[in-house]
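Report on the structure given below.
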Amino acid sequence: MKIATWNVNSIRVRLTHLLDWIEHEGPDLVSVQETKVADESFPKLNFTELGYSALYSGQKSYNGVAIFFKNDIVVEELEPPIFPDNQKRFIAVNMSGVDFVNVYVPNGSSVGSTKYQYKLDWLQVLIDWLKQRLKKNNKIVLMGDFNIAPADIDVHDVERWKDKILCSEGERNIFEQFKKIGFCDVYRYLHPCDRNFTWWDYRLNGFARNWGLRIDHILTSSVMTPVVTKIGINKSLRELDRPSDHALVWADLIT
DNA sequence: ATGTCGCTCGAGGAGCGA
């Protein structure tokens, strides 16, 4: 099966990009972040026409997540954990015994800010939830925009980003917590030396200069890691007119 | 290296978040 995760930065603006990619690739499951739309305005019908169902958890202006899957697949939506507030950043389903968890981790603004602490607190709630969930089901795929570049190889300019938001020690320590409870950063596992990125700032022509970071990830619980045969980053979506500032990350799984 | 995008409110452009 093929899965993907993409921060679309407004599903309404990126609707054609997303629909075209789904039609071309025929993925089984797609996770998106930053839909930026209330549930009553979600463009569900566009996906229905393509043969996909949608589950979404959104709010006006900010945040918002969704999962698309083929109409003939039966999924069960999972109850989210209790986060510090009601921002819409988590949606999860169980499909054929595997949990697919889609997250939009808070950005954190700047190291030491109130939003930074919120980011760390939010991630701790997620990790505690995963620990509990693993006791019931050890097949988990955790995917989304983590807003963390796990190591220096994931950063275009290490000196410029040193100790900055998305690269700080506190964020990287929390990312290590996912590994401690058994999760694998599959892109890095299958591509140990590749310096590739998933996000480039709109400002200062960041994409053309390849001033990027790898902050979008697919993490697998230990039993799911050998199930992933291929993983890649689709940068062509970042080259389109009016692109998202993120690339899409996809993976092939043995079914 | 204070840049650019998307959104809201509300009718033009400021303010927020990323």
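Numbers restart at 1 for each chain; the letters A, B, ... are given by sequence-line order, proteins then strands.
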Would you call the rings of [X] and [Y] parallel, tilted or perpendicular if under 30° counts as parallel and over 60° as perpendicular?
X	Y	value
A:Trp199	A:Trp161	perpendicular
A:Phe47	A:Phe68	parallel
A:Phe90	A:Phe83	tilted
A:Tyr187	A:His191	parallel

Counting the atoms with a prime plus P, OP1 and OP2 as sugar-phosphate, which does [X] contact under 4.0 Å by heavy atoms, base, sugar-phosphate, or nothing?
X	value
A:Arg242	sugar-phosphate
A:Arg14	sugar-phosphate
A:Phe207	nothing

Within this structure, what is the [atom1]-to-[atom2] distance between [X] and [N], rounded to whole angstrom?
X	N	atom1	atom2	value
A:Gln33	B:dG17	CD	P	20 Å
A:Leu166	B:dG17	CG	P	16 Å
A:His246	B:dA18	NE2	C1'	8 Å
A:Gln59	B:dG17	CD	P	12 Å
A:Tyr104	B:dG6	OH	P	14 Å
A:Trp161	B:dA18	CH2	C1'	11 Å
A:Asn147	B:dA18	CG	P	8 Å
A:Asn7	B:dG17	CG	C1'	12 Å

Quiz item: So which one's nearest nucleotide on DNA chain B is more toward 5', A:Lys36 or A:Ser109?
Solution: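 Final value for this comparison: A:Lys36.
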
Exercise. For A:Trp211 and for A:Asp245, find the nucleotide of DNA chain B with the closest heavy atom, then tell me which residue's nucleotide is more 5'.
Key: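 On the 5' side of the pair lies A:Trp211.
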
[atom1] gap between [N] and [M], integer Å:
N	M	atom1	result
B:dG6	B:dG10	P	22 Å
B:dA18	B:dA1	P	25 Å
B:dC7	B:dG3	P	23 Å

Quiz item: B:dT4, B:dC16, B:dA18: which one has an atom nearest the side-chain heavy atoms of A:Tyr62?
Solution: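 The answer is B:dC16.
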
Quiz item: How far apart are the C-alpha atoms of A:Lys139 and A:Asn94, what are their side-chain angles, what is the distance that settles it, and do they pass the side chain to side chain donor-acceptor pair (under 3.5 Å) test?
Solution: CA-CA 9 Å; A:Lys139 296 179 180 174; A:Asn94 183 279; over 6 Å; no

Side-chain N or O of [X] less than 4.0 angstrom from OP1 or OP2 on [N]?
X	N	value
A:Lys60	B:dC9	yes
A:Ser61	B:dG17	no
A:Lys115	B:dG17	yes
A:Arg209	B:dA1	no

Quiz item: From A:Asn234 CG over to A:Glu25 CD, what is the distance, rounded to the nearest 0.5 angstrom?
Solution: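 Nearest 0.5 Å value for the CG-CD distance: 7.0 Å.
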
Quiz item: At what distance, to the nearest 0.5 angstrom, does CG of A:Leu45 lie from CD of A:Glu49?
Solution: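 Between A:Leu45 CG and A:Glu49 CD, I get 6.5 Å after rounding to 0.5 Å.
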
Practice problem: Give, ordered by number, those residues of residues 80-90 of chain A having at least one heavy-atom distance below 4.0 Å to an atom of DNA chain B; if nothing qualifies, reply none. | Solution: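 Residues of residues 80-90 of chain A under 4.0 Å from DNA chain B: A:Arg89.
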
Quiz item: Would you call A:Arg89 and A:Asp145 a salt bridge, taking side-chain N to carboxylate O under 4.0 Å as the test?
Solution: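 No salt bridge links A:Arg89 with A:Asp145.
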
Practice problem: Look at the side chain of A:Arg203 and the base of B:dA1, then say whether one donor and one acceptor between them are separated by less than 3.5 Å. | Solution: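 Side chain to base: no pair present.
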
